[in-house]
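This structure is a prediction, so every number in the text was calculated from the model and none was measured. In what follows, every heavy atom counts, from backbone to side chain, and hydrogens, waters and symmetry copies are set aside. Labels below follow one simple rule: chain letters A, B, ... track the order of the sequence lines, proteins then strands, and each chain is numbered from 1.
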Amino acid sequence: MNRFWCFFFTGAAALAVLFCIVGSGPTYRWWFPGPSISPLGAQIDDLFYLILVITTVTFIGVNAILGYVLWKYGSGKPRRSDFSHGSHTLEVVSSIVTAGVLLFIALYQMDVWYRYRVKSTFDREAVAHPVAEVTARQFEWRIRYPGPGKTLEDTPQPTDLYTVNDLHVPSGKPVLIKLRSEDVLHSFFLPHLRIKQDAVPGLVIPVWFQADKTGIYDLVCAELCGWGHYKMRGQLTAEREDERQSYLKELSKTQFDDGVAEKEKSE
Amino acid sequence: MRVQFVLPYLMVGLAALLSGCGQPPPATFVLNKKTDELIPEARATVVAALNENFGNPNQLVAWQKFPINYGAAQPESASTNRHEAGWRLKEGRNLYMRHCMHCHGVSGDGNGPTAKFLNPRPRDYRQGVFKFKSTLAPLKPATADLTRVLKEGIPGTYMPSFVLLGDETLGLIIDYVRWLSIRGEVEIQLYNEFAAAGALEKDVKRAVAESEPKAKRSQVVADLMKTIDEELAETIESRAADIAEAWVTADLPESVITPTDKRVRPTPASIERGRKLYLSQIEGKKTQCADCHGPAGRGDGPNTEQFWPIPGTTPERKYEIVGLHDEWQLPQKPRDLTRGTYRGGRRPVDIYRRIYAGIRGTQMPGFGGTVLKTDEEIWDLVNYVLSIPFDGKESASPGDVQADSKEEVASH
Ligand SMILES: [Cu+2]
């Protein structure tokens, strides 16, 4: 049992590091968030990786020191102990280094945070013309678009278009949605775009993002909102502006259907 | 030292053991409460008939009599599930159990584990009564109506949208829902038959008491069951045939309510005409909308302040709760029309159909062809209803679709 604990602890740490390295290989990509489809999302990923590197270096360093100590004093040979009342210098240095690292992260992320959350940095055009109002409710996403050529108002308008669970936005440009909740706290989560924003009853919260690649992405609820939380899923469809316009036109046609044309077809 | 090593293993082992236990009891179809009013012998006959023709949740029986696609065997299919006939029904059941059962219940009785927390309650399919449909008032819903309900959900209630499941999956679920509804209705019809034949507990008691000379209960029951059993096969066949036909009829094009005239443009004049109709201010057109929905459309008309009799009670009893009640004898408010939430859909044709045929299973009556004789009148009323959320000033209408889109694309 002499050096068992040394091998045990350094072994476990080494295994964890190894697993992460293997995990970042192509077969184990699920371990990592995957490529972001939005520019801001890519910056958020950069932050994530930066912090990952810092914590990895710290983790390896701490474990190396732990291993060294366990190795040195785990030989089982009897030796005289010495007494220490601590080292002032060591304490000051380690505090300053840690504080420095934290301060660095705090300052470094500010720019991304600012662009992510401060409304004055949002694209003017996107703020002036929100694409939709998304209302979270147990357990679905109700969506209200302004009618074609109209601007979204705070209150429902006669020309508004309604759908559920399928949010269509134009790709390749900043868009803004207004987020509401009808009942309890929910959270509007677009994992592929690294967007997560709580929906709070009584508040209208602007959320902006940009999907650079067309496609269909997950929209999920990220705030435990009741027993049906797990199935509160929707999808985000990012498509070219002209495709979106024809989608809206189709929606408008169905929504204002008076049933008469239907009959002509079936006859 | 030893103990410390053993402990983690023990805990992991224990956790593995525990997670394997606690299997839920097998799912069963529960009987309609009404069936319990029958004498045990007749009740057993109902149970046997249901078991034979519909099976149980783990062993479904695909009775070919009904217009339901049970799924023909596909021996070539890559999916082994499809090799046997009846695979669609089974798959529908699996999906139903996953997505719907916790509200609508295993038997489709609207009494799943979460149901008691919901208002309105999840639909009880067993009466075969559905609210939001395009077919004429007394008919079953068309398959397309059920699809629409599943895709859109029922806004303003807990019935969620399942649009992301896709058409094929929804088709499977809908066939299972129709099958459950048919099963429930067969049970109710058998109950009605047997009750009419005198197989209710109270009728048998009376028959025994009144018999001259005094007969034993066992004798009375034996006679009764003999007549029931003689006609049983035929009864089941004919009831099933009626139900099957009702579902076939619902899917015929002529069962759908289709306006002949196009929607009247929602001009202020049309909205005003609609408002007059709504308030029953037009001679000979007593719509009474305001009696239920209130003069301002808030769902607070005088009918909501009355105590209504319970239908089918002799002597007449009244509901203990004030206001309207639905077919399932639960209290129900007329819709607050100022909120702009339409459970059956917000298309003009949806509102048209609600006004034309009423809402089945509720006290909202139909007016088409009786009070409101022309399409124009109904459209005026539709225009008014759709304008209530906007203070009667304008009605939901398509935006000027042509003007916009080209510029919109060009400007970005
Ligand atoms: Cu939620």
Side-chain angles (χ1 to χ4, degrees), chain A residues 1 4 125-126 129 135 137-142 146-150 155-166 170 172-173 182 216 218-219 226-228 231-235 240-246 248-249 251-267, chain B residues 1 98-99 102-103 113-114 117 134 151-153 155-156 158-164 253 256-264 266 339-342 345-350 352-353 375 379 382 386-387 389-390 393-409 411-412:
Chain A
M1 269 299 169
F4 172 82
E125 179 66 18
H129 299 284
T135 305
R137 75 183 279 266
Q138 289 173 320
F139 299 96
E140 58 193 6
W141 305 93
R142 292 258 159 209
K150 297 270 192 306
T155 51
Q157 299 298 308
T159 46
D160 284 342
L161 302 174
Y162 295 82
T163 49
V164 55
N165 286 353
D166 187 12
K173 69 178 202 188
E182 201 168 275
I216 293 176
D218 292 335
L219 159 59
W227 56 264
K231 57 175 165 188
M232 188 164 164
R233 290 190 67 166
Q235 68 184 26
R240 291 202 321 269
E241 180 64 43
D242 55 333
E243 282 170 339
R244 196 178 99 92
Q245 286 303 329
S246 50
L248 288 181
K249 214 177 260 178
L251 202 61
S252 159
K253 225 163 83 198
T254 352
Q255 186 170 310
F256 294 107
D257 181 11
D258 63 5
V260 178
E262 217 173 285
K263 190 183 171 197
E264 279 161 9
K265 228 183 279 160
S266 66
E267 267 174 2
Chain B
M1 186 71 98
R98 178 137 115 233
H99 296 292
H102 67 87
C103 284
T114 33
F117 307 111
S134 62
K151 283 191 175 170
E152 304 287 320
Y158 269 106
M159 170 72 196
S161 157
F162 292 92
V163 62
L164 297 185
V256 174
I257 301 167
T258 336
T260 27
D261 298 341
K262 282 195 117 19
R263 177 184 179 194
V264 176
R339 306 198 50 177
T341 304
Y342 307 101
R346 59 170 60 248
R347 298 176 304 178
V349 66
D350 291 325
Y352 179 100
R353 284 170 179 153
D375 273 0
W379 283 130
V382 169
L386 287 173
S387 79
F390 309 108
K393 293 202 185 71
E394 45 187 337
S395 204
S397 59
D400 206 3
V401 184
Q402 284 80 24
D404 59 293
S405 43
K406 282 207 193 81
E407 289 166 21
E408 184 82 359
V409 177
S411 70
H412 297 310

Where does [X] contact chain A at under 4.5 Å (heavy atoms): side chain, backbone, both or neither?
X      : value
B:P389 : neither
B:H99  : backbone
B:D261 : backbone
B:S161 : both
B:T114 : side chain

Problem set entry | Proximal component of A:R137, with respect to chain B [non-hydrogen, under 4.5 Å] |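 Only the side chain of A:R137 comes within 4.5 Å of chain B.
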Exercise. By a 4.5 Å heavy-atom criterion (distance strictly below it), what part of A:Q138 contacts chain B: side chain, backbone, both, or neither?
Worked result: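 Both backbone and side chain of A:Q138 come within 4.5 Å of chain B.
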Can you name the closest pair of heavy atoms from [X] and [Y] and give their distance?
X      : Y      : answer
A:R142 : B:P155 : NH1-CG, 3.8 Å
B:S395 : A:P158 : O-CB, 3.6 Å
B:T260 : A:V260 : O-CG1, 3.9 Å

[atom2] on [Y] to [atom1] on [X], rounded to 0.5 Å:
X      : Y      : atom1 : atom2 : answer
B:K151 : A:D166 : NZ    : CG    : 11.5 Å
B:T341 : A:E182 : OG1   : CD    : 7.0 Å
A:Q235 : B:L164 : CD    : CG    : 4.5 Å
B:R346 : A:L161 : CZ    : CG    : 9.5 Å
A:K253 : B:R347 : NZ    : CZ    : 13.5 Å
B:F390 : A:T155 : CZ    : OG1   : 8.0 Å

For this session: Check salt bridge (Lys or Arg N to Asp or Glu O under 4.0 Å) between A:K231 and all other residues, then give those that pass, not counting sequence neighbours.
Result: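 A:K231 satisfies salt bridge (Lys or Arg N to Asp or Glu O under 4.0 Å) with no other residue.
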Exercise. Can you name the residues that form a ring-ring contact (aromatic ring centres under 6.0 Å, His included) with A:F139, not counting sequence neighbours?
Worked result: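 ring-ring contact (aromatic ring centres under 6.0 Å, His included) list for A:F139, sorted by chain: A:W227.
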